[in-house]
2 protein chains.
Amino acid sequence: MNKNDTTKSRILDAAEQLFAERGFAETSLRIITARAKVNLASVNYHFGSKKSLIQDVFDRFLSDYSSGLGAKLAELESESSDELDTEKLLRALVSPLLLLEKKRKHSISIFMRLLGRAYAETQGHLRRYVTNKYGFVLVRFTLLFQKAYPNLSNDQIFWRLHYTLGSLIFTLAGSEALTDIARVDFKRSMQIEEVIEEMIPFLTAGMKA
Amino acid sequence: MNKNDTTKSRILDAAEQLFAERGFAETSLRIITARAKVNLASVNYHFGSKKSLIQDVFDRFLSDYSSGLGAKLAELESESSDELDTEKLLRALVSPLLLLEKKRKHSISIFMRLLGRAYAETQGHLRRYVTNKYGFVLVRFTLLFQKAYPNLSNDQIFWRLHYTLGSLIFTLAGSEALTDIARVDFKRSMQIEEVIEEMIPFLTAGMKA
DNA sequence: AAAAATATCAAACAACTGTTTGAAACATAC
DNA sequence: GTATGTTTCAAACAGTTGTTTGATATTTTT
């Protein structure tokens with residue numbers, strides 16, 4: 001049987017879509033299993049609980065993304081500080097995203113919406129889970145920025161990195177709706193790659209303000 | 001009876017807090033009424049439904065904010081284009097927020113978290129409601145930016161405005177958690193006013209990149 | 001003070017939630 | 001082909017949800 005058409009992966013596919021569209025609490029297991037065309041009980045059989053399903057949806061994205069990012073970071077870490085600049089670092093951050101998008105259409109926007117929702121879960125289990133398991137990537141990234149900008153204080157870098165993440169997550173999460181508006185208002189149809197390209201000079205300028 | 005201690009306003013107070021903390025679907029009417037120390041049925045009596053309660057929570061914030069912003073925008077609209085700059089416009093955007101914060105502690109972060117959640121509700125009733133009722137403010141703001149930056153194309157302004165909103169909402173929504181981290185990591189405790197001050201040069205540089 | 005309108009209350013409602021169960025179907029190994 | 005392990009399925013479970021009800025209390029009007 002095709003690995004992408006097992007009961008388990010069909011549940012993951014349906015769940016990640018619906019979670020991104022409607023949120024975690026607003027998405028019932030019955031809606032997921034109906035969309036995935038599998039039996040209701042199979043979620044608890046394959047994943048144990050709804051909580052674990054949510055975590056597994058994240059894991060599939062994050063392990064893909066952070067392995068791609070890890071390679072990029074390793075490259076950059078071996079470079080000297082005067083070779084580093086914001087644009088290079090930002091491209092390291094987004095290029096694994098574009099890889100995801102190539103493998104599966106709209107996955108950037110789905111991924112970013114999920115991230116936004118996880119972030120909004122200020123006190124929930126999900127935020128803890130994500131930060132515990134993947135927080136070290138953010139740390140590595142912060143260190144690179146510190147190396148690239150020795151004149152900026154550490155907390156300035158901390159904050160600017162968060163401004164950047166805010167722009168990225170917010171814009172890419174809403175990219176479908178926003179490109180729609182741009183298309184009718186400015187008669188300009190954009191791909192997500194183009195949206196990202198537009199964003200890089202903005203963020204670069206801010207970073208070294 | 002004190003206007004701020006009616007059943008209705010106690011429900012609004014409890015609801016806005018809990019919605020910001022936990023989300024809309026994750027917050028039951030029973031939790032709200034328990035926190036507000038009122039009877040369960042009073043929500044449906046005073047607001048009609050949970051949906052309307054959510055909208056009314058927004059209305060209280062948005063009418064406060066957008067009336068403050070409206071005055072600022074009127075000022076700016078009467079200025080000539082060479083008097084306008086990004087910093088002025090950004091300050092017009094955030095100064096009504098700081099007024100809210102003065103009236104009630106933590107209201108910026110609550111407000112931004114609510115906005116973030118409303119924004120995440122891509123297909124929900126709330127997003128429609130907010131954009132229908134308050135979308136014109138964003139339009140006015142866009143026009144001012146176009147006036148201030150005649151060399152930028154309209155869609156560039158459109159996108160950069162969204163990057164800015166992303167930074168603002170994302171950072172201010174998480175400002176409590178982030179200032180906590182900054183305090184222990186950098187031994188630096190920050191007020192929200194300071195966070196905003198730090199953000200303005202970043203966004204200004206990006207806007208005129 | 002009587003009457004009318006407004007507000008509060010405990011209790012019940014139907015609908016929906018995630019999860020469990022035990023039997024049936026299927027696959028794999030001997 | 002029988003036995004063993006794995007997966008699917010319909011049905012039921014207990015708990016929570018938003019909402020409604022009708023009685024009681026409170027306030028306002030006359």
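Note: hydrogens, waters and symmetry copies are ignored here, and every other heavy atom, side chains too, is used. Lettering follows sequence order; numbering is per chain, from 1. Note that the structure is a prediction, hence the values are computed from the model and not measured.
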Sub-4.0 Å heavy-atom contacts from residues 53-61 of chain A onto DNA chain C, ordered by number: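 Those residues: none at all.
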
Give a yes/no answer on whether the side chain of A/H46 brings an N or O atom under 4.0 Å of OP1 or OP2 in D/dT8.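 So the side-chain polar atoms of A/H46 do come within 4.0 Å of the phosphate oxygens OP1 or OP2 of D/dT8, strictly under.
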
May I ask you to verify if any side-chain N or O of A/S42 is less than 4.0 angstrom from the OP1 or OP2 atom of D/dC9?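 Looking at the OP1 and OP2 atoms of D/dC9, neither is under 4.0 Å from any side-chain N or O of A/S42.
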
Evaluate A/T164 against A/R160 for side chain to side chain donor-acceptor pair (under 3.5 Å), listing each step before the verdict. CA-CA 6 Å; A/T164 302; A/R160 293 189 179 186; over 6 Å; no

Would you call B/E77 and B/K147 a salt bridge, using N to O less than 4.0 angstrom?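 Between B/K147 and B/E77 there is no salt bridge, as every charged N stays at least 4.0 Å from the carboxylate O atoms.
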
Ion pair present between B/K8 and B/D56, side-chain N to carboxylate O less than 4.0 angstrom?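 The answer is no: the pair does not qualify as a salt bridge.
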
Distance in Å, [X] [atom1] paired with [Y] [atom2], rounded so as to fall on 0.5 Å steps:
{"X": "B/S66", "Y": "B/L138", "atom1": "OG", "atom2": "CG", "value": "12.5 Å"}
{"X": "A/L29", "Y": "A/L40", "atom1": "CG", "atom2": "CG", "value": "6.5 Å"}
{"X": "B/F111", "Y": "B/I169", "atom1": "CZ", "atom2": "CD1", "value": "8.5 Å"}

Would you kindly give the NZ-to-P distance between A/K8 and D/dT7, to the nearest whole Å?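 Between P of D/dT7 and NZ of A/K8: 9 Å.
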
How close or far is atom P of D/dT8 from atom OH of A/Y45, stated in whole angstroms?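 Computing the A/Y45:OH to D/dT8:P distance gives 7 Å.
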
Distances for protein N/O vs nucleotides 15-19 of chain D N/O pairs under 3.5 angstrom?
unit_1: D/dT17; atom_1: OP1; unit_2: B/S28; atom_2: OG; d: 3.4
unit_1: D/dG18; atom_1: OP1; unit_2: B/K50; atom_2: NZ; d: 2.8
unit_1: D/dG18; atom_1: OP2; unit_2: B/L29; atom_2: N; d: 2.9
unit_1: D/dG18; atom_1: N7; unit_2: B/R30; atom_2: NH1; d: 2.9
unit_1: D/dG18; atom_1: O6; unit_2: B/R30; atom_2: NH2; d: 2.9
unit_1: D/dT19; atom_1: OP2; unit_2: B/N44; atom_2: OD1; d: 3.2
unit_1: D/dT19; atom_1: OP2; unit_2: B/K50; atom_2: N; d: 2.8
unit_1: D/dT19; atom_1: O5'; unit_2: B/N44; atom_2: OD1; d: 3.4

For A/Q55, what residues pass the side chain to side chain contact (heavy atoms under 4.5 Å, CB included) criterion, not counting sequence neighbours?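 With sequence neighbours excluded, A/Q55 shows a side chain to side chain contact (heavy atoms under 4.5 Å, CB included) to A/H125, A/Y129, given in chain and number order.
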
Listed partners of A/I31 passing side chain to side chain contact (heavy atoms under 4.5 Å, CB included), at least two apart: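 Partners of A/I31 by the side chain to side chain contact (heavy atoms under 4.5 Å, CB included) criterion, ordered by chain and then number, come out as A/L18, A/R22, A/S28.
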
Please verify the inter-ring angle class for A/F141 with A/F145; under 30° counts as parallel, over 60° as perpendicular, anything in between as tilted.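 Rings of A/F141 and A/F145: perpendicular, over 60°.
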
Name the first nucleotide and the last nucleotide along DNA chain C (5' to 3') that come under 4.0 Å of a heavy atom in chain A.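 Contacts span C/dT17 to C/dT21, reading 5' to 3'.
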
Distance-only donor-acceptor pairs under 3.5 Å for side chains of residues 181-191 of chain B, two or more places apart:
unit_1: B/R183; atom_1: NH2; unit_2: B/D180; atom_2: OD1; d: 3.1
unit_1: B/R188; atom_1: NH1; unit_2: A/D155; atom_2: OD2; d: 2.3
unit_1: B/R188; atom_1: NH2; unit_2: B/E194; atom_2: OE2; d: 2.7

